[in-house]
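Comments concern the structure below.
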Amino acid sequence: MATQSNSPPPPPPSTGVTSHSSSPPLKRTRKASRLRLLATRPVGAERPLVRVDPVTGKADGPHSKKFRTYLGIIARDKVDVTYENWKHVPITQKDLIWEDIQAEFDIPEASDLRTKKKILQTVGGAVETV
């Protein structure tokens with residue numbers, strides 16, 4: 001007589017694929033952030049307010065993390081990878097990046113040239129790490 005065992009049932013038969021493959025299973029990785037909420041902000045909606053220290057370039061306020069993330073995204077999306085470093089990016093392209101930043105965020109200190117320089121240096125740092 002056969003006795004019942006408490007072992008789990010055997011795996012289903014394979015469909016012709018051998019189980020001895022040399023490649024490891026695919027690891028799930030985090031996808032790149034595009035900040036779709038900023039990109040889909042309704043026309044006429046209020047821009048998030050971000051205060052930036054003109055001396056250090058550090059953002060402050062409830063939207064500062066979103067602002068820093070946006071700077072990295074804009075560096076990745078708007079600057080061509082063929083530039084060796086930030087100094088080789090044309091000034092006209094840097095001005096377009098600055099306009100994009102101002103279009104997405106309300107920065108009261110934007111009229112101060114030091115603020116613009118510090119924020120663009122932050123974008124430049126992100127470009128060089130990409």
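Atom CD1 of Ile119 sits about 11.0 Å away from atom CD1 of Ile74, to the nearest 0.5 Å. Remark: Lys58 NZ to Ser64 OG distance equals 11.0 Å, nearest 0.5 Å. Taking NZ of Lys66 as the reference point, atom CG of Leu71 lies at 13.5 Å (rounded to 0.5 Å). To the nearest 0.5 Å, atom CD of residue Glu104 and atom CD1 of residue Ile73 are 10.5 Å apart. Between the CD1 atom in Ile91 and the CH2 atom in Trp98 there is a gap of 15.5 Å [rounded to 0.5 Å].
Using modelled atom types, no side-chain atom of Gln102 and backbone atom of Ile97 make a donor-acceptor pair closer than 3.5 Å. A donor-acceptor pair is defined here as one N or O able to donate and one able to accept, closer than 3.5 Å; such a pair exists between the side chain of Glu109 and the backbone of Val52. For the pair Thr122 (side chain) and Lys118 (backbone), a donor-acceptor distance under 3.5 Å is present.
Counting non-hydrogen atoms of other residues, nucleotides and ligands closer than 6.0 Å to NZ of Lys94 gives a total above 12.
With sequence neighbours excluded, the residues forming a side-chain hydrogen bond (donor to acceptor under 3.5 Å, both in side chains) with Thr82 are Asp80, listed by chain and number. Residues satisfying the salt bridge (Lys or Arg N to Asp or Glu O under 4.0 Å) test with Lys116, not counting sequence neighbours, are Asp95. Residues passing the side-chain hydrogen bond (donor to acceptor under 3.5 Å, both in side chains) test with Thr56, sequence neighbours excluded: Asp53.
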